[in-house]
Amino acid sequence: GAQGLNISLGDIECLLRVSQSAGLGTRAGLDAYNRKRHAEARLRVSGVSALNRASMTSGAGARDLRAEALKLLTRVTPLRRSVMRKGMGV
């Protein structure tokens, strides 16, 4: 989906920057790319995993907490925008 596209665009942008400074395929270039992209990839995987686990939790307490969190995201515009931007990789 859109998240995959945005991540891919970020990867391409990073590769272009790295290729101009350290060169593609060099150890230095690969290390630079890894430093710049690994943290974001881990954050996205962790975030999606947490959202999936939260959506599959069936207990009443978890359901109520999830509903309140969604209400909060709906009501607090800056928070909603921030979450959406992070999800889009912006």
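Position 1 is the first residue of the sequence; numbering continues from there.
Within a 6.0 Å sphere centred on CZ of R81, other residues, nucleotides and ligands contribute 12 heavy atoms or fewer.
In this model, a donor atom of one side chain and an acceptor atom of the other lie less than 3.5 Å apart for R53 and S49.
The side-chain heavy atoms of L15 and R37, taken from C-beta on, include no pair separated by under 4.5 Å.
The main-chain N or O of R42 is found under 3.5 Å from a side-chain atom of S46 such that the two form a donor-acceptor pair. Side-chain N or O atoms of S82 include none that pairs as donor or acceptor with a backbone N or O of L79 at under 3.5 Å.
A distance of 11.5 Å separates CZ in R63 from CD in E68, rounded to the nearest 0.5 Å. Annotation: the span from L16 atom CG to S21 atom OG amounts to 11.0 Å, rounded to 0.5 Å. D11 contributes atom CG, which lies 10.0 Å from atom CD of E13 (distance to the nearest 0.5 angstrom).
The shortest heavy-atom contact between T74 and R80 is O-NH1, 2.6 Å. Of all heavy-atom pairs spanning A32 and V18, the tightest one is CB-CG2, 4.1 Å.
Cluster membership for L73 and V76, using ILVMFWY side-chain heavy atoms within less than 4.5 angstrom, is shared.
Taking the side chain to side chain contact (heavy atoms under 4.5 Å, CB included) definition, one finds that A28 meets it with A22, T26, sequence neighbours left out.
Look at R35 and D31 and you find no salt bridge, because none of the NZ, NE, NH1 or NH2 atoms lies under 4.0 Å from a carboxylate O.
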